[in-house]
Amino acid sequence: MKLTIGHLYPDLLNLYGDRGNIACMMKRCAWRGIEARTVEFNTGDEIDFQDLDIVLLGGGSDREQRIVCKNLLAIQEKFKEYVEDNGVVIAVCGGYQLLGKYYKTEEGTIEGLDLVDIYTEQGEGRLIDNIVLESSVCGMPVVGFENHGGRTFINDNTPFGRVLYGAGNDGESGYEGVVYKNVIGTYLHGPLLPKNPEICDWLIQRALERRYGCAELESLDDSREKAANEYIYNRFVKQ
């Protein structure tokens, strides 16, 4: 089996080590004998979503989001078709904000892709800390780091997880991120996937099911990852 991962605009959206998410997906595919390749699309490149199985949209500053958004709006219709056809997307921090209708900042409003019915508005101060979630996407706690000035409101969509420690989407709702079809949007970085192997496998599994109809992932030895995950959970939730 083969998978193609599209890394969108790593020249601008790679603020929080998002290449680590790519490396994790590639490695977990290789360990299972799945032939995976990554295609990077920088600003100005044409993107054919029909060739892609997983799309990563990483984090960047407000300035970089404005630049990227001009490129993304040109392909918004095709990107939306990909999402509605159960295309797999992992969008982190700035990428998460770009999934929605808009991101309102002090410098003006950044138009979003409107792929998911969410929106973001800049709040007072930044939400910076370790963060731990309970998520229906996986059996393990989801751990990461958040650093964002935006407050994201997900309306009636399903959150990525319930906050056990940290601020989450807006510091008040008790929820973090969003899940829509095969799209995960989240503020968690550091990067996200090496710390949370079950989330990585969720993305791979759904990409294989979409491409081949059905697929069962071979179990891997995640003892080290689980030990690290458990340490963070115990440190911040069970303290």
Within one Ile-Leu-Val-Met-Phe-Trp-Tyr cluster: [X] and [Y], side-chain cutoff 4.5 Å:
X	Y	result
Val178	Val83	yes
Leu52	Leu115	yes
Leu133	Phe153	no
Leu113	Tyr119	no
Leu99	Ile110	yes

Is there a donor-acceptor contact under 3.5 Å from the side chain of [X] to the main chain of [Y]?
X	Y	result
Asn155	Asp117	yes
Asn229	Met140	no
Glu198	Gly139	yes
Arg37	Thr4	no
Asn21	Leu56	no
Glu176	Thr186	no
Arg210	Asp85	yes

Could you label the plane-to-plane angle of the His148 and Tyr187 rings as parallel, tilted or perpendicular, counting under 30° as parallel and over 60° as perpendicular? parallel
Taking all non-hydrogen atoms of both residues, which atom of [X] and which atom of [Y] are closest, and how far apart?
X	Y	answer
Leu73	Gly112	CD2-O, 3.6 Å
Val142	Ser135	CG2-CB, 3.8 Å
Pro191	Gly20	CG-CA, 3.8 Å
Met1	Ala215	SD-CB, 4.4 Å
Leu127	Gly171	CD1-N, 4.0 Å
Asn182	Gly87	CB-O, 3.5 Å

Would you say [X] and [Y] make side-chain contact, with heavy atoms under 4.5 Å?
X	Y	value
Ile204	Val88	no
Ile131	Val143	no
Tyr103	Glu111	no
Arg151	Asn169	no
Lys101	Ile118	no
Glu35	Leu3	no
Val89	Ile184	no
Asn147	His189	yes

Pairing of Arg32 and Asp201 as salt bridge, 4.0 angstrom limit: yes
Salt-bridged, Lys78 to Glu46, with N to O below 4.0 Å? no
Working to the nearest 0.5 Å, report the span between [atom1] of [X] and [atom2] of [Y].
X	Y	atom1	atom2	answer
Glu225	Ser223	CD	OG	7.0 Å
Leu164	Lys238	CG	NZ	11.0 Å
Arg28	Glu218	CZ	CD	10.5 Å
Ile90	Cys200	CD1	SG	9.5 Å
Asn234	Ile232	CG	CD1	10.5 Å
Glu146	Leu188	CD	CG	7.0 Å

Step-by-step side-chain contact (heavy atoms from CB on, under 4.5 Å) determination, Phe160 to Ile199: CA-CA 11 Å; Phe160 179 36; Ile199 301 300; 3.8 Å; yes
Are Phe79 and Phe49 close enough that their ring centers fall under 6.0 Å? yes
Candidate pair Tyr233 and Glu134, rule side-chain hydrogen bond (donor to acceptor under 3.5 Å, both in side chains), full reasoning: CA-CA 10 Å; Tyr233 175 81; Glu134 178 183 60; over 6 Å; no
Within the supplied structure, the quantity of interest is the number of heavy atoms (other residues, nucleotides, ligands) at a distance under 6.0 Å from Lys27 NZ; does it exceed 12? no
Donor + acceptor pair across side chains of [X], [Y] (<3.5 Å):
X	Y	answer
Tyr175	Asn157	no
Gln50	Tyr82	no
Glu84	Tyr180	yes

Partner of Thr120 by side chain to side chain donor-acceptor pair (under 3.5 Å), out of Thr152, Asp170, Thr109: Thr152
Start with the C-alpha distance between Met25 and Ile54, add both sets of side-chain angles, then the distance that settles side-chain contact (heavy atoms from CB on, under 4.5 Å), and finish with yes or no. CA-CA 10 Å; Met25 287 189 281; Ile54 302 174; 3.9 Å; yes
Could you check Leu72 against Leu57 for side-chain contact (heavy atoms from CB on, under 4.5 Å), going step by step and ending with a plain yes or no? CA-CA 11 Å; Leu72 286 173; Leu57 194 58; 4.3 Å; yes
Per ring-ring contact (aromatic ring centres under 6.0 Å, His included), Phe236 is matched among Tyr165, Tyr231, Phe145 by Tyr165
Evaluate side-chain hydrogen bond (donor to acceptor under 3.5 Å, both in side chains) for Asp53 paired with Tyr212, printing each intermediate quantity in order. CA-CA 11 Å; Asp53 298 296; Tyr212 297 104; over 6 Å; no
